[in-house]
Amino acid sequence: MPIPKSVPAIDRRLLRDDVYGRLRDAIVDGSLAPGEQLRDGELAAWLGVSRTPVREALLRLAEAGLVVARPGSSTTVSSLDLRDVRDARDVVAAMHEVAVRAAVPGLTAEDLDAMRAAERDFRDAIERGDVEAALRADDVLHGVPVTVAANRALSAVLDQYTPVLRRAERLRFASLGGRASFARHEELIRLCAAGDAEAAAAVAFDTWSTLPTDADQPTEENP
């Protein structure tokens, strides 16, 4: 049959990013467990794509420390390394500090309302003990300044290193313990609404830099 000329070609970049995101999420949520061997053929069949975007995604995941690639041998889901988690935490904290400082002057009433709504959703999820919903709401809240800052380099760094922290939360923490984050969220939103970029940026940094990472440390908060 003739190929319709009106149908655009598949965007290879979007396919690559989608494959990367799906594999990353499977590692973060534990579907692909630490030590599990990753075969590009099996992953390609599972995702319904060719091997090429899978291989590209595995290279990106290796850069983030989520998989270990041994040339000529095998690729496996990495074990959780506390130093890697601490390093990622420090980088992510710094990026959110930069994002908030840059975003505060441009935050609109709608942006602030979105942050407040996300905080309400976060509280509700914590009260219900719904970890997944709490994490999604937390992402929305902190994502508002990141979006407004519109710094592509910053967003790329967060995209690479935030999953390392999310995986640590799921694998190492016994409970979410998010009530301790209520006050920080409220203070962040209050300072953003007041236009105090420096103070808001400091709260954003503190929120992430105090995220516990030691396996023997009790869970007190989520960002």
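Keep in mind that this is a model prediction, so the values were computed, not measured.
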Would a single hydrophobic cluster contain both Trp208 and Leu191, if residues Ile, Leu, Val, Met, Phe, Trp and Tyr are joined by side-chain heavy-atom contacts under 4.5 Å? no

Any non-hydrogen side-chain atom of Val140 less than 4.5 Å from a side-chain atom of Met115? no

Kindly work out whether a path of hydrophobic side-chain contacts (I/L/V/M/F/W/Y, heavy atoms less than 4.5 Å apart) joins Val98 to Val157. yes

Closest approach of Ala125 and Ala134, non-hydrogen atoms and distance? CB-N, 3.4 Å

Contacts satisfying salt bridge (charged side-chain N to carboxylate O under 4.0 Å, His left out) that involve residues 101-110 (not counting sequence neighbours) are Glu97-Arg101, Arg101-Glu198

Out of curiosity, His96 NE2 to Thr207 OG1, how far, rounded to the nearest 0.5 Å? 9.5 Å

Can you name the residues that form a side chain to side chain donor-acceptor pair (under 3.5 Å) with Ser74, not counting sequence neighbours? none

Audit row: Arg184, Glu119, salt bridge (charged side-chain N to carboxylate O under 4.0 Å, His left out) steps and yes/no: CA-CA 10 Å; Arg184 280 198 177 96; Glu119 167 58 10; over 6 Å; no

Search all heavy atoms of Val19 against all heavy atoms of Pro53 and return the closest pair with its distance. CG1-O, 3.8 Å

Hits for salt bridge (charged side-chain N to carboxylate O under 4.0 Å, His left out) against Asp25, two or more places apart or cross-chain, chain-then-number order -> none

Pairs under 3.5 angstrom only: tabulate donor-acceptor contacts from the side chains of residues 144-152 to other protein residues two or more places apart or in another chain.
unit_1, atom_1, unit_2, atom_2, d
Thr147, OG1, Gly143, O, 3.0
Asn151, OD1, Ala153, N, 3.1
Asn151, OD1, Leu154, N, 2.9

Please tell me if the side chains of Leu66 and Val77 come closer than 4.5 Å, counting only heavy atoms from C-beta onward. no

Atom OH of residue position Tyr20 - does it have more than 12 heavy atoms of other residues, nucleotides or ligands inside 6.0 Å? yes

Side-chain heavy-atom pair Val67, Thr76 within 4.5 angstrom cut-off: no

Check Ala57 against Leu23 and note the closest heavy-atom contact, atom names and distance. CB-CD1, 3.9 Å

Output the distance between atom CZ (Phe182) and atom CZ (Arg123), rounded to the nearest 0.5 Å. 5.0 Å

Rounded to the nearest 0.5 Å, the CG atom of Asp29 sits from the CG atom of Leu135 at a distance of 11.5 Å

Show every ring-ring contact (aromatic ring centres under 6.0 Å, His included) that has at least one partner inside residues 42-78, sequence neighbours left out. none

In chain order, what residues pass the side chain to side chain donor-acceptor pair (under 3.5 Å) check against Asp121, with sequence neighbours excluded? none

Partners passing side chain to side chain donor-acceptor pair (under 3.5 Å) against Asp196 (at least two apart in sequence or in another chain): none

Measure the OH-CG distance between Tyr161 and Asp84 for me, rounded to the nearest 0.5 Å. 9.0 Å

Do Phe205 and Val100 have side chains that approach each other closer than 4.5 Å (heavy atoms only, starting at C-beta)? no

So, for Cys192 and Leu107, which heavy atoms are closest and what is the spacing to 0.1 Å? CB-CD1, 3.7 Å

For Glu187, give me all partners under side chain to side chain donor-acceptor pair (under 3.5 Å), at least two apart in sequence or on another chain. Arg190

Apply salt bridge (charged side-chain N to carboxylate O under 4.0 Å, His left out) to Asp159 and list each qualifying residue two or more places apart in sequence or on a separate chain. Arg24, Arg60

Can you list everything that forms a salt bridge (charged side-chain N to carboxylate O under 4.0 Å, His left out) with Arg116? Sequence neighbours excluded, please. Asp113

Quick one: are Leu58 and Leu61 in side-chain contact, heavy atoms under 4.5 Å? yes

Suppose we screen for side chain to side chain contact (heavy atoms under 4.5 Å, CB included). Which residues come up paired with Glu63, at least two apart in sequence or across chains? Gln160

Val104 reachable from Met95 in the ILVMFWY side-chain graph, under 4.5 Å edges: no

Is there a path from Val92 to Leu141 through hydrophobic residues (I, L, V, M, F, W, Y) whose side chains come within less than 4.5 Å of each other? no

With sequence neighbours excluded, give me every salt bridge (charged side-chain N to carboxylate O under 4.0 Å, His left out) pair touching residues 36-54. Arg39-Glu42, Asp40-Arg51, Asp40-Arg55

Taking the side chain as C-beta and beyond, is there a heavy-atom pair between Arg86 and Leu82 under 4.5 Å? yes

Heavy atoms only: give me the nearest Ala200-Leu188 pair and the separation to one decimal. O-CD1, 3.5 Å

Examine Val203 and Ile189 and state if one hydrophobic cluster contains both, with Ile, Leu, Val, Met, Phe, Trp and Tyr joined whenever side-chain heavy atoms are less than 4.5 Å apart. yes

Value rounded to 0.5 Å, distance of OG1 in Thr210 from CZ in Arg89: 8.0 Å

Quick check for you: to the nearest 0.5 Å, what is the distance between Asp206 atom CG and Leu211 atom CG? 11.5 Å

Measure the acute angle between the ring planes of His185 and His142, then classify it against the limits of 30° and 60° as parallel, tilted or perpendicular. perpendicular

Taking atom CZ as the centre, does Arg128 end up with more than 12 heavy-atom neighbours from other residues, nucleotides or ligands that are less than 6.0 angstrom away? yes

